Amino acid sequence: MSWNSQLPAAAGHEWPELMPGWVWLAGAGPGDPGLVTLHTWSALQQADVIVHDALVDTRILQWARGDASIEFVGKRAGQPSPTQATVSQLLVRLARENRRVLRLKGGDPFVFGRGGEEAQDLLRAGVPFRVLPGVTAGIAGLAYAGIAVTHRDTNHAVTFLTGHDRSGDVPTGIDWPAVARSSPVIVLYMALRHLREIRQHLIAAGRPSDEPVSIICRATLADQRIIETTLGSMGDASIHDATMAPAVVCVGEVVRLPSMPEWTPVS
Ligand SMILES: C[S@@+](CC[C@H](N)C(=O)[O-])C[C@H]1O[C@@H](n2cnc3c(N)ncnc32)[C@H](O)[C@@H]1O
């Protein structure tokens with residue numbers, strides 16, 4: 001059976017073919033396999049080799065060809081994760097071996113996922129590639145918790161922030177007063193270890209300490225957990241519990257809107 005025979009046909013639309021020597025840099029979504037896009041699904045059907053991170057839900061690898069090789073490049077317990085340079089070199093080598101390479105990343109590859117760096121490395125090496133966007137945790141995770149990332153009653157803007165930079169600290173380049181003033185909803189990625197510091201920045205910049213906060217842990221997975229708190233308490237208690245990771249944090253009145261039922265993940 002050919003790779004595209006199971007993909008839905010649409011008049012005037014052709015599914016792209018993953019060619020030997022190419023890398024497809026694809027998003028795998030936040031966890032629920034149902035959030036994988038058709039492009040990523042088709043890439044799984046076609047790839048000779050799949051290079052994936054720790055946040056990729058491994059159940060979706062069952063959709064890969066039986067003879068595809070799987071390379072894990074995430075962090076293993078007790079060991080540092082491979083450097084970005086090592087991962088990029090691996091992608092370049094596999095492409096030069098004329099393999100069909102699928103680089104799978106959690107969520108969307110260009111949202112706090114170093115996909116941009118890998119794309120630039122491929123460009124520099126002259127390796128042909130394309131990017132397949134994915135469903136990002138900071139939007140889908142909120143939706144699965146019943147939170148609309150924008151709502152006309154609460155916000156006309158949203159800011160996505162990472163809780164840490166290359167060094168592991170809260171990024172120094174964030175203009176907290178500007179964020180606090182202009183963005184009624186703030187969605188934090190990779191922030192669990194720095195919630196107290198971030199709350200200090202936001203409160204010092206004028207956000208009220210009773211502003212509602214939702215922490216959505218393991219969003220879209222069967223053990224999804226939602227912790228409701230306030231900005232002034234964000235970072236207290238068991239918030240540093242490693243079992244909560246990964247988590248996205250939503251700060252803003254949008255959290256309080258009672259409009260949506262929480263989605264109960266079944267996967
Ligand atoms: C390296 S970033 C990758 C983000 C990813 N590229 C995306 O678009 O969702 C990892 C962070 O994404 C968030 N994240 C990813 N998957 C998640 C999930 N299933 N539930 C909650 N947060 C998640 C967490 O904030 C985690 O620390």
Side-chain angles (χ1 to χ4, degrees), residues 24-37 39-40 51-60 72-76 80-84 87 102-119 131-147 149 158-171 174 185-195 197-198 213-229 234-235 239-251 255 262-267:
W24 281 8
L25 191 50
D32 179 348
L35 295 176
V36 166
T37 68
H39 275 310
T40 294
V51 180
H52 74 95
D53 286 341
L55 277 180
V56 169
D57 191 299
T58 49
R59 287 172 297 176
I60 71 169
F72 174 71
V73 290
K75 193 172 170 58
R76 286 187 201 277
S81 41
T83 63
Q84 193 54 58
V87 176
L102 172 59
R103 172 68 173 118
L104 258 190
K105 288 177 160 290
D108 180 280
F110 280 178
V111 179
F112 303 131
R114 300 194 214 158
E117 288 155 66
E118 285 177 26
V131 178
L132 307 179
V135 173
T136 190
I139 295 177
L142 268 54
Y144 272 48
I147 301 166
V149 72
V158 57
T159 296
F160 297 99
L161 278 182
T162 174
H164 68 71
D165 61 13
R166 280 172 204 267
S167 69
D169 296 330
V170 175
I174 296 174
V185 172
I186 303 165
V187 179
L188 304 166
Y189 289 68
M190 293 179 277
L192 280 186
R193 279 191 292 124
H194 299 297
L195 292 179
E197 189 179 337
I198 293 169
V213 169
S214 228
I215 304 175
I216 304 121
C217 312
R218 301 187 49 76
T220 81
L221 296 166
D223 55 353
Q224 170 175 295
R225 205 167 121 213
I226 299 162
I227 297 168
E228 285 171 359
T229 181
M234 181 176 96
I239 302 272
H240 299 278
D241 180 350
T243 60
M244 292 173 45
V248 280
V249 180
C250 180
V251 179
V255 163
E262 177 189 323
W263 174 287
T264 308
V266 288
S267 56

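Counting starts at 1 for both ligands and their atoms, in listed order. Scope of the values below: all heavy atoms of this structure, side chains included, with no hydrogens, waters or symmetry mates. In this text the structure is predicted, and so the values were computed from the model without any measurement.
- With hydrogens left out, the protein atom closest to atom 19 (N) of ligand 1 is Pro30 O, 2.8 Å, a heavy atom.
- Counting all heavy atoms, side chain and backbone alike, Ala219 lies closest to Gly141 at CB-CA, 3.5 Å.
- Annotation for ligand 1: atoms under 4.0 Å from non-hydrogen atoms of Ile216 are 21 (C).
- Looking only at heavy atoms of the protein, atom 11 (C) of ligand 1 is closest to Met190 CG, 3.6 Å.
- Distances below 4.0 Å separate heavy atoms of Thr136 from the following atoms of ligand 1: 7 (C), 8 (O), 9 (O).
- In terms of heavy atoms, Thr37 sits closest to Pro133 at CG2-O, 3.8 Å.
- Nearest protein neighbour of atom 9 (O) of ligand 1, counting heavy atoms only, is Ala137 N, 2.9 Å.
- When non-hydrogen atoms are compared, ligand 1 lies under 4.0 Å from neither the backbone nor the side chain of Arg114.
- Between the side chain of Thr220 and the backbone N or O of Asp32 there is at least one donor-acceptor pair closer than 3.5 Å.
- Residue Val111 has at least one N or O atom closer than 3.5 Å to an N or O atom of ligand 1.
- The single protein non-hydrogen atom nearest to atom 12 (O) of ligand 1 is Tyr189 CD2, 3.5 Å, given as residue, atom name and distance.
- Contacts between Ala247 and ligand 1, counted as non-hydrogen atom pairs separated by less than 4.0 Å, involve the backbone only.
- Closest of all the heavy-atom pairs between Ile139 and Tyr189 is N-OH, 4.4 Å.
- At least one N or O atom of Gly106 sits closer than 3.5 Å to an N or O atom of ligand 1.
- Counting only heavy atoms of the protein, atom 2 (S) of ligand 1 lies nearest to Phe112 O, 3.2 Å.
- Every N/O-N/O distance between Thr220 and ligand 1 stays at or above 3.5 Å.
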Go through the steps for Met234 and Leu188 under the test side chain to side chain contact (heavy atoms under 4.5 Å, CB included), then give the verdict.
-> CA-CA 12 Å; Met234 181 176 96; Leu188 304 166; 4.3 Å; yes
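- For Gly141, the heavy-atom gap to ligand 1 stays at 4.0 angstrom or more.
- Arg218 counts as a contact of ligand 1, since one of its heavy atoms falls under 4.0 Å from the ligand.
- Nearest heavy-atom pair, Pro109 versus Gly134, reported as atom, atom and distance to 0.1 Å: CD-N, 3.8 Å.
- Nearest heavy atom pair, residue Pro171 against residue Asp165, reads CA-OD2, 3.8 Å.
- Atoms of ligand 1 found under 4.0 Å from any heavy atom of Leu55, numbered from 1 in the order shown, are 10 (C), 15 (C).
- Using a 4.5 Å heavy-atom threshold, the side chains of Val249 and Val213 count as touching.
- Judged by distance alone, the side chain of Thr40 and the main-chain N or O of Gly27 form a donor-acceptor pair under 3.5 Å.
- The option with the heavy atom closest to atom 17 (C) of ligand 1, from among Pro246, Cys217, Gly134, Ala219, is Pro246.
- Taking both residues in full, the closest heavy atoms of Ile198 and Gly163 are given as CD1-CA, 4.1 Å, listed atom of the first, atom of the second, then distance.
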